[in-house]
Protein chains: 2
Amino acid sequence: MRIIKTIQEMQSFSIDMRRTGKTIGFVPTMGYLHEGHVALMKKSREINDVLITSIFVNPLQFGPNEDFEKYPRDEQRDIDIATENGVDVLFMPTVDEMYPTKQSIQIEILDRVDVLCGKSRPGHFDGVATVLLKLFHITSPDHVFFGKKDAQQVAVVDQLIKELNFPIQLHMVETVREEDGLAKSSRNVYLSPKERSEAVHLFKGLQIAQQKIFDGEKNPAIIVNEVKNYIITHTTGKIDYIEILRFPSLQPLTVIDQQIIVAVAVQFDQARLIDNLII
Amino acid sequence: MRIIKTIQEMQSFSIDMRRTGKTIGFVPTMGYLHEGHVALMKKSREINDVLITSIFVNPLQFGPNEDFEKYPRDEQRDIDIATENGVDVLFMPTVDEMYPTKQSIQIEILDRVDVLCGKSRPGHFDGVATVLLKLFHITSPDHVFFGKKDAQQVAVVDQLIKELNFPIQLHMVETVREEDGLAKSSRNVYLSPKERSEAVHLFKGLQIAQQKIFDGEKNPAIIVNEVKNYIITHTTGKIDYIEILRFPSLQPLTVIDQQIIVAVAVQFDQARLIDNLII
């Protein structure tokens with residue numbers, strides 16, 4: 001596996017690959033890799049000649065009071081995991097390499113961001129879009145892979161690719177879970193043992209919603225209320241949101257009749273966890 | 001020459017070219033082609049395997065009171081000129097093809113736009129940047145070509161390419177002029193005979209500035225004033241701006257000591273003309 005730290009070298013590599021007819025799969029990450037990322041890598045390897053993974057904790061997508069500084073990092077472990085999982089190039093730029101000056105080109109996402117995480121993290125998806133624009137230009141991928149756990153991110157990337165006409169195919173890969181159902185996340189490491197045992201109830205709450213829908217309940221408000229009560233009863237975390245929306249448009253709805261997302265975010269002491277089911 | 005009207009077909013073509021190792025030169029235009037455009041095409045042919053030219057009058061870069069509707073168009077003449085000048089693919093999308101829905105991703109340029117045309121055309125360069133992002137993704141060029149006459153546009157594209165890490169090389173091509181010195185422009189067609197004879201004084205004014213600088217004048221205010229008096233005396237047009245700035249940063253300056261641009265814009269009855277010299 002080749003480790004590349006500069007934009008210029010990464011760009012030369014990907015242009016060379018494209019020129020020789022190789023297809024490129026790209027898995028952008030913020031590192032602290034886990035089985036969720038490995039699932040993305042696996043999917044990419046199945047359909048592309050070359051697998052590029054990036055590790056970059058993007059300051060632009062963190063708010064001033066968020067966890068940019070203490071976001072978990074473990075470079076050597078990430079290198080080992082990437083090597084074991086068939087990554088051809090691991091792109092690990094510094095913040096200075098990616099943002100040598102303050103960005104004077106502002107990307108603002110107007111749709112799909114006034115709900116869910118976008119509501120409690122203003123500017124978050126503008127930062128995500130900015131870094132992805134840059135990374136897509138640097139790695140020239142044919143296919144990109146994102147986890148379903150970050151469903152709103154997938155919806156925004158879908159919009160970014162379509163509206164700006166990127167010649168890129170987006171793949172949404174199933175969320176990987178712990179044995180008890182907790183969605184794998186780099187931030188799980190910041191849960192206390194007590195919180196870790198409670199965290200499973202995010203997924204359990206979503207499963208209750210799913211069961212309700214399968215049983216014929218069509219009123220989102222009733223379902224949201226039930227999940228809310230369940231999570232309040234079973235965890236000490238503070239609920240940030242529980243929402244049911246259309247997917248991927250993330251439009252509100254009053255009757256459940258098409259593809260929807262049930263999404264939840266809970267703030268624990270040191271970690272904010274999110275999870276969702278698309279039904 | 002192949003004429004392509006859909007994004008999908010254009011994108012397939014350019015991806016195929018890239019995959020087979022061909023280099024792509026791209027000349028984006030708003031049509032009503034003239035020798036200025038032909039110079040860009042010629043330059044592109046010299047250094048690329050494939051030449052793509054686009055004709056698209058981009059509504060996003062026109063203000064509500066500007067000349068989008070009456071911007072000159074002549075499709076058949078453009079096709080003839082493109083054919084004669086070695087264009088391989090002429091990309092001519094409709095407005096609906098480029099903007100099927102209202103853009104929900106906003107691009108805002110913060111630098112280099114509070115001067116010159118950016119000052120009198122708010123949002124103009126945001127619209128330019130948006131359409132170029134799309135066109136660059138659709139045509140996957142290795143090299144893009146812009147005329148020096150639109151120097152602020154070149155400065156903004158330079159920033160767009162660098163800051164968003166496009167794997168694209170920008171070329172600025174010398175302004176092509178009529179025999180008397182008037183810069184070629186699609187908008188010249190809207191000058192009355194009297195205005196046409198006056199319009200040459202934009203360039204003459206710039207030449208006066210250049211001579212002053214060669215003679216050792218280092219104070220931009222003195223030069224601007226002299227050019228202003230000259231143009232007021234010799235034309236009936238209304239001066240929009242005469243400015244001397246650093247190039248390409250477009251920063252203000254008090255002493256002429258590095259590469260600078262002297263730029264002028266004059267509003268005639270039906271046409272707003274711009275011109276500049278980079279010294």
Side-chain angles (χ1 to χ4, degrees), chain A residues 6-8 10-24 49 93 97-114 125-126 129-140 142 155-169 249-250, chain B residues 6-8 10-24 49 93 97-114 125-126 129-140 142 155-169 249-250:
Chain A
T6 70
I7 290 170
Q8 208 191 343
M10 186 67 252
Q11 211 153 34
S12 303
F13 174 88
S14 44
I15 289 173
D16 281 354
M17 289 301 110
R18 289 287 290 266
R19 286 241 173 88
T20 52
K22 297 260 201 305
T23 63
I24 297 175
D49 300 320
E97 178 72 7
M98 288 295 281
Y99 302 113
T101 55
K102 194 171 161 353
Q103 292 285 111
S104 67
I105 298 172
Q106 207 83 26
I107 314 292
E108 198 186 345
I109 310 285
L110 304 181
D111 261 10
R112 305 185 178 183
V113 296
D114 53 346
F125 288 108
D126 299 341
T130 304
V131 80
L132 288 179
L133 265 172
K134 291 167 69 78
L135 288 171
F136 289 174
H137 293 153
I138 294 166
T139 61
S140 291
D142 298 279
V156 168
V157 176
D158 170 66
Q159 192 178 25
L160 189 78
I161 287 177
K162 282 186 189 144
E163 216 175 83
L164 296 181
N165 308 109
F166 272 104
I168 296 177
Q169 201 178 323
S249 73
L250 303 186
Chain B
T6 70
I7 291 170
Q8 207 192 344
M10 186 67 253
Q11 210 154 35
S12 302
F13 174 89
S14 46
I15 290 173
D16 280 355
M17 289 301 112
R18 289 286 291 267
R19 286 240 173 89
T20 52
K22 298 259 198 307
T23 63
I24 297 175
D49 300 318
E97 178 72 7
M98 288 296 281
Y99 302 113
T101 54
K102 193 173 163 353
Q103 292 285 112
S104 65
I105 298 172
Q106 206 84 27
I107 314 292
E108 198 186 346
I109 311 285
L110 303 180
D111 259 10
R112 304 184 178 184
V113 296
D114 54 346
F125 289 108
D126 299 340
T130 304
V131 80
L132 288 179
L133 265 171
K134 290 167 69 78
L135 287 171
F136 289 174
H137 293 152
I138 294 167
T139 61
S140 292
D142 298 280
V156 168
V157 177
D158 170 66
Q159 193 179 25
L160 189 76
I161 287 177
K162 282 186 188 144
E163 215 174 84
L164 296 182
N165 308 108
F166 272 103
I168 296 177
Q169 201 178 324
S249 73
L250 303 186

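Just so you know, these numbers come straight off a predicted model, no measurement behind them. Naming convention: chains lettered A, B, ... in sequence-line order (proteins, then strands); numbering from 1 in each chain.
- Proximity to chain A (any heavy atom under 4.5 Å) is shown, for B:Asp16, by neither the backbone nor the side chain.
- Ranked by heavy-atom pairs under 4.5 Å with chain B, the first of A:Ile107, A:Val113, A:Thr130 is A:Ile107.
- Annotation for B:Ile105 and A:Glu163: closest pair N-OE1, 2.8 Å, computed over non-hydrogen atoms.
- Neither the backbone nor the side chain of B:Leu135 comes within contact range of chain A; no heavy atom of the residue lies under 4.5 Å from a heavy atom of that chain.
- Distance check, rounded to the nearest 0.5 Å: CD1 of A:Ile15 to CZ of B:Arg18 gives 6.0 Å.
- The shortest side-chain heavy-atom distance between B:Asn165 and A:Gln8 does not fall under the 4.5 Å cut-off.
- Remark: B:Ile161 CD1 to A:His137 NE2 distance equals 10.0 Å, nearest 0.5 Å.
- Interface check for chain B: of the options A:Gln106, A:Arg112, A:Lys22, the most heavy-atom pairs under 4.5 Å are formed by A:Gln106.
- Screening B:Thr23, B:Asp142, B:Thr20 for a side-chain hydrogen bond (donor to acceptor under 3.5 Å, both in side chains) with A:Arg19, the sole residue that qualifies is B:Asp142.
- Proximity to chain B (any heavy atom under 4.5 Å) is shown, for A:Ile138, by both the backbone and the side chain.
- A donor-acceptor contact shorter than 3.5 Å is absent between the side chain of B:Glu108 and the backbone of A:Ser104.
- Heavy-atom distances place no part of B:Ser14 under 4.5 Å from chain A, backbone and side chain included.
- Considering every non-hydrogen atom in both A:Leu164 and B:Gln103, the closest pair reads CD2-NE2, 4.2 Å.
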Verdict with reasoning, A:Asp111 to B:Lys102, per salt bridge (Lys or Arg N to Asp or Glu O under 4.0 Å): CA-CA 10 Å; A:Asp111 261 10; B:Lys102 193 173 163 353; over 6 Å; no

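- At a 4.5 Å heavy-atom cutoff, B:Lys162 makes no contact with chain A through either its backbone or its side chain.
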